[in-house]
Amino acid sequence: MLNIKEIQEIIPHRHPFLLIDYIEDYQPGKYAIGYKCVTYKEDFFAGHFPQMPVMPGVLTVEALAQVGAVAILSLKENKGKTAFFAGINKCRFRGKVVPGDKLRLETEIIKQKGPMGIGKAVASVDGKKVADAEILFMVE
C-alpha cells in the first residue's frame, strides 16, 4: 500500500490535480490499484454541476492514468521521469461518480515498447464499472 506522500515520490501530480488518495496494491511495470474518495469539497463540483454534482468523466480517466503512472514510474529505470498521455482508445463512461463514492481505479500495463505503452484501465464504484479505457502513454 502507498499513501499520498509515497505516491508523490513516484508521480509529479499535486493538489488540486492529484486524483488518487492511496494505492492498495501494485507491481512495478505491471499494474496498480488505487482509490479516490470523492467528497463534496472537490474543486470541480463548484461548476460540474452545482445542482447535481458529478465528477467529470475526463477526470475519472485522468485518475486512471495517474494510477497507471504509479505502475510504470515505480520501475527503477523510470524514477524521476514523467508519464504523458499519448492517446485514449475505447473509452466508455458507464455510470456517474458523485460525492460519497469510493472510486476504485485499476490500470494494467498491457504493452510497452521503449518509452511508449498502453494501459488497460477500469474505474468502478461498489463493484459497478463506471468507466473503462485503453490509455496510451509516453515516458520521458
Side-chain angles (χ1 to χ4, degrees):
M1 189 162 146
L2 299 174
N3 62 33
I4 289 284
K5 192 172 190 174
E6 293 165 321
I7 292 167
Q8 290 177 333
E9 291 173 7
I10 299 170
I11 65 174
H13 303 79
R14 298 296 182 265
H15 177 80
F17 211 67
L18 179 58
L19 298 175
I20 48 180
D21 293 321
Y22 66 95
I23 297 292
E24 176 183 77
D25 190 19
Y26 75 109
Q27 184 176 351
K30 301 288 184 191
Y31 72 91
I33 300 169
Y35 288 87
K36 166 75 175 156
C37 299
V38 182
T39 71
Y40 186 74
K41 293 184 179 186
E42 307 291 344
D43 293 334
F44 48 80
F45 285 139
H48 197 269
F49 302 98
Q51 304 82 4
M52 185 175 52
V54 176
M55 183 172 177
V58 295
L59 293 182
T60 301
V61 175
E62 173 63 28
L64 286 164
Q66 289 180 19
V67 168
V70 169
I72 205 67
L73 297 178
S74 61
L75 288 167
K76 288 180 185 177
E77 62 265 27
N78 290 335
K79 185 175 172 77
K81 294 183 179 181
T82 299
F84 294 96
F85 264 117
I88 303 167
N89 291 333
K90 303 177 186 174
C91 184
R92 296 289 179 265
F93 300 105
R94 304 174 187 283
K96 293 185 286 186
V97 179
V98 299
D101 284 346
K102 185 174 181 181
L103 185 60
R104 179 180 168 95
L105 305 155
E106 306 173 55
T107 303
E108 176 188 4
I109 307 304
I110 58 173
K111 185 176 182 182
Q112 187 174 13
K113 185 173 183 179
M116 305 298 290
I118 301 172
K120 180 180 175 187
V122 177
S124 60
V125 174
D126 296 327
K128 203 171 148 184
K129 191 185 295 186
V130 294
D132 58 320
E134 282 185 0
I135 298 171
L136 289 67
F137 63 88
M138 177 182 62
V139 176
E140 63 176 50

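All values below were derived from every heavy atom in this structure, side-chain atoms included, with hydrogens, water molecules and symmetry-related copies excluded.
Note: the hydrophobic cluster containing Val98 does not contain Leu59 (ILVMFWY, side chain heavy atoms under 4.5 Å, direct or indirect links). In the hydrophobic cluster analysis, where Ile, Leu, Val, Met, Phe, Trp and Tyr join through side-chain heavy atoms closer than 4.5 angstrom, Val67 is grouped together with Tyr26. The cluster map of Ile, Leu, Val, Met, Phe, Trp and Tyr, joined by side-chain heavy atoms under 4.5 Å apart, puts Phe44 and Val54 in different clusters. Side-chain heavy atoms closer than 4.5 Å link hydrophobic residues (I, L, V, M, F, W, Y) into clusters, and following such links, even through other members, never connects Leu18 to Phe84. In the hydrophobic clustering of ILVMFWY residues, with side-chain heavy atoms under 4.5 Å counting as a link, Ile110 and Leu73 come out apart.
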- request: Please report the C-alpha distance between Val70 and Ile20 in whole Å, then the side-chain angles of each, then the deciding distance to 0.1 Å, and finally whether the side chain to side chain contact (heavy atoms under 4.5 Å, CB included) criterion is met.
  value: CA-CA 10 Å; Val70 169; Ile20 48 180; 4.0 Å; yes
query: Under the side chain to side chain contact (heavy atoms under 4.5 Å, CB included) criterion, do Leu136 and Met116 qualify, and how do the steps go?
result: CA-CA 7 Å; Leu136 289 67; Met116 305 298 290; over 6 Å; no
query: Do Phe93 and Val61 pass the side chain to side chain contact (heavy atoms under 4.5 Å, CB included) test, and can you show the C-alpha distance, the side-chain angles, and the key distance before you say yes or no?
result: CA-CA 9 Å; Phe93 300 105; Val61 175; 3.8 Å; yes
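Under the rule for a side chain to side chain contact (heavy atoms under 4.5 Å, CB included), Asp126 has no partner lying at least two apart in sequence or in another chain. For the side chain to side chain contact (heavy atoms under 4.5 Å, CB included) test, residues two or more places apart in sequence or in another chain that qualify with Ile109 are Ala71, Ile72, Phe137. For Pro99, the side chain to side chain contact (heavy atoms under 4.5 Å, CB included) partners are Tyr40, Phe45, Pro53, not counting sequence neighbours. Residues passing the side-chain hydrogen bond (donor to acceptor under 3.5 Å, both in side chains) test with Tyr31 are Asp25, sequence neighbours excluded. Taking the salt bridge (Lys or Arg N to Asp or Glu O under 4.0 Å) definition, one finds that Glu6 meets it with nothing, sequence neighbours left out. With sequence neighbours left out, Ala123 forms a side chain to side chain contact (heavy atoms under 4.5 Å, CB included) with Thr60, Leu64, Leu103, Leu105, Val130, Ala131.
Applying the side-chain hydrogen bond (donor to acceptor under 3.5 Å, both in side chains) definition to pairs two or more places apart or across chains, those involving residues 98-117 are Tyr22-Lys102, Glu24-Arg104, Tyr35-Arg104, Arg104-Glu106. Within the structure, salt bridge (Lys or Arg N to Asp or Glu O under 4.0 Å) contacts touching residues 36-60 (residues at least two apart or in different chains) are Lys36-Glu42. Applying the salt bridge (Lys or Arg N to Asp or Glu O under 4.0 Å) test to residues at least two apart or on different chains, the pairs with a partner in residues 83-95 are Lys90-Glu134, Arg94-Asp132. Residue pairs that meet the side-chain hydrogen bond (donor to acceptor under 3.5 Å, both in side chains) test with at least one member in residues 71-89, sequence neighbours left out, do not exist here.
Rounded to the nearest 0.5 angstrom, Ile135 CD1 and Glu62 CD are separated by 8.5 Å. Here Phe17 contributes atom CZ and Gln66 contributes atom CD; the two are 6.5 Å apart, rounded to the nearest 0.5 Å. Between atom CD1 of residue Ile118 and atom CD1 of residue Ile88 there is a gap of 13.0 Å, rounded to the nearest 0.5 Å.
Across all their heavy atoms, Leu19 and Pro16 have their closest contact at CD2-O, 4.2 Å.
The closest side-chain heavy-atom distance from Val139 to Leu75 is not below 4.5 Å. With a 4.5 Å cut-off on side-chain heavy atoms, Ile10 and Leu2 count as touching.
Side-chain contacts under 4.5 Å among hydrophobic residues (ILVMFWY), followed directly or transitively, place Val122 with no other residue at all.
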